[in-house]
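In what follows, a structure is listed as structure tokens, so that the remarks can point back to it.
What's counted below: heavy atoms across the whole structure, side chains too, no hydrogens, waters or symmetry copies.
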Amino acid sequence: MQEIESLKKQQNKEMQKQYFRLMLTAALIIGVLSMVPSYILYIIGVQGEDVPGYTWINTIYLLAIFVATYIYIGKQAREVKDPDGKAGYSYGQAYGFAILSAVLSSLVMCALTWLLTNVLAPEMMQQALDQAESTLLTQMPDASQNIIDTQMKMMRYMFSFTGLLVTSLFSMAIWGGLAGLISSAFVKREPVIEQQ
């Protein structure tokens with residue numbers, strides 16, 4: 001009896017490892033692919049706001065990445081069997097998988113963003129700060145220097161590693177949740193007990 005329990009615990013650990021590997025794979029795919037447009041713009045020397053419709057194109061691109069990755073990885077995850085031989089993937093499990101992998105992907109995205117804005121092209125950060133200050137002065141011409149300094153300090157924080165991490169954690173969790181709602185409907189599967 002103890003041998004059976006020990007075997008089930010070992011199988012459960014293996015199942016969790018398989019899920020975690022799939023989650024990391026999804027996180028890497030999403031994290032890297034979500035940064036592709038930024039790196040392309042950097043390579044060709046164009047700012048995102050200079051491209052007509054860039055925000056909408058990037059939004060559709062990100063949603064497509066999330067949904068396609070979750071469907072691809074989710075179909076693999078639903079085939080993982082638990083110690084009782086059941087293979088299944090409920091809507092809730094698929095949704096949770098989507099949120100957790102999105103949060104993990106934010107670490108990849110944050111690292112790649114920091115690399116781009118602080119190592120490869122630090123001038124991008126300065127351009128963004130200059131543009132933010134110009135916009136601030138245009139929108140609030142009567143603002144005191146203290147208000148402007150406070151706003152600029154916040155902007156500098158947003159471009160720091162910590163600021164990027166906090167921002168990307170929240171934004172990727174929202175994206176993951178939205179895409180998880182869509183993709184979970186395609187990958188859910190009721191548990192099936194295999195006959196041995």
Side-chain angles (χ1 to χ4, degrees), residues 16 18-44 46-80 89-121 124-125 127-129 131-132 135 154-189:
Q16 289 173 349
Q18 288 177 327
Y19 275 130
F20 189 69
R21 279 192 294 263
L22 289 170
M23 193 177 299
L24 285 179
T25 302
L28 284 171
I29 291 170
I30 292 167
V32 169
L33 290 181
S34 66
M35 288 304 298
V36 166
S38 297
Y39 277 82
I40 288 173
L41 291 177
Y42 164 68
I43 290 169
I44 62 175
V46 176
Q47 294 285 328
E49 53 272 353
D50 296 337
V51 178
Y54 174 76
T55 303
W56 282 106
I57 293 168
N58 197 40
T59 300
I60 293 167
Y61 171 76
L62 283 175
L63 188 59
I65 288 170
F66 273 93
V67 172
T69 301
Y70 290 151
I71 290 174
Y72 173 72
I73 298 292
K75 286 184 177 183
Q76 293 175 33
R78 73 180 181 187
E79 300 303 322
V80 175
Y89 202 50
S90 71
Y91 188 87
Q93 287 173 311
Y95 186 69
F97 182 94
I99 297 244
L100 288 174
S101 61
V103 168
L104 288 174
S105 73
S106 71
L107 299 174
V108 175
M109 186 177 154
C110 177
L112 292 174
T113 301
W114 186 85
L115 178 70
L116 179 63
T117 59
N118 289 283
V119 177
L120 296 176
M124 282 180 74
M125 185 172 75
Q127 287 173 352
L129 289 171
Q131 184 176 4
T135 302
M154 288 174 50
M155 284 297 295
R156 282 186 196 80
Y157 172 76
M158 295 300 288
F159 282 107
S160 71
F161 189 80
T162 307
L164 289 170
L165 182 61
V166 169
T167 305
S168 64
L169 278 171
F170 283 114
S171 65
M172 293 302 262
I174 291 169
W175 275 104
L178 178 63
L181 289 172
I182 297 167
S183 62
S184 297
F186 293 102
V187 298
K188 72 177 179 150
R189 180 171 128 187

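- With hydrogens and angles ignored, the 3.5 Å screen pairs a side-chain donor or acceptor of S34 with a backbone N or O of G31.
- Scanning all heavy atoms of the two residues, the minimum distance from S101 to Y70 falls at OG-CE2, 3.0 Å.
- The distance from atom OG of S38 to atom CE of M109, rounded to the nearest 0.5 Å, is 7.0 Å.
- Remark: F20 CZ to Q16 CD distance equals 11.0 Å, nearest 0.5 Å.
- Heavy-atom contacts from other residues, nucleotides or ligands closer than 6.0 Å to OH of Y61 number more than 12.
- Just one of L62, N58, V51 meets the side chain to side chain contact (heavy atoms under 4.5 Å, CB included) condition when paired with P37; it is N58.
- Rounding to the nearest 0.5 angstrom, the gap separating the CG atom in L164 from the CG atom in L169 is 11.0 Å.
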For the pair W175 and I65, evaluate side chain to side chain contact (heavy atoms under 4.5 Å, CB included) and give the outcome as yes or no after the intermediate values.
-> CA-CA 10 Å; W175 275 104; I65 288 170; over 6 Å; no

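- Looking at Q76 and T25, their side chains never come closer than 4.5 Å, going by heavy atoms from C-beta outward.
- The shortest heavy-atom contact between I30 and S105 is CG2-OG, 3.7 Å.
- Counting heavy atoms of neighbouring residues, nucleotides and ligands inside a 6.0 Å radius, atom OH of Y72 does not exceed 12 of them.
- Ring pair F161/W114 is perpendicular by interplanar angle, where above 60° counts as perpendicular and below 30° as parallel.
- A distance of 10.0 Å separates CG of L178 from CD1 of I99, quoted to the nearest 0.5 Å.
- Contact detail for G176 and A102: the closest heavy-atom pair is CA-CB, 3.6 Å.
- A distance of 10.0 Å separates CG in L33 from CG in L28, rounded to the nearest 0.5 Å.
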Could you walk me through whether F66 and I182 pass side chain to side chain contact (heavy atoms under 4.5 Å, CB included), step by step?
-> CA-CA 10 Å; F66 273 93; I182 297 167; over 6 Å; no

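- Nearest heavy atoms, L165 versus C110: N-SG, 3.4 Å.
- Summarising the geometry, atom OH belonging to Y42 is positioned 7.0 Å from atom CG belonging to L116; distances are rounded to the nearest 0.5 Å.
- In plain terms, the two heavy atoms of L104 and A27 that are nearest each other are CB-CB, 3.6 Å.
- Nearest heavy atom pair, residue L22 against residue A77, reads CD1-CA, 3.5 Å.
- One N or O on the side chain of Y39 and one on the backbone of L112 form a donor-acceptor pair closer than 3.5 Å.
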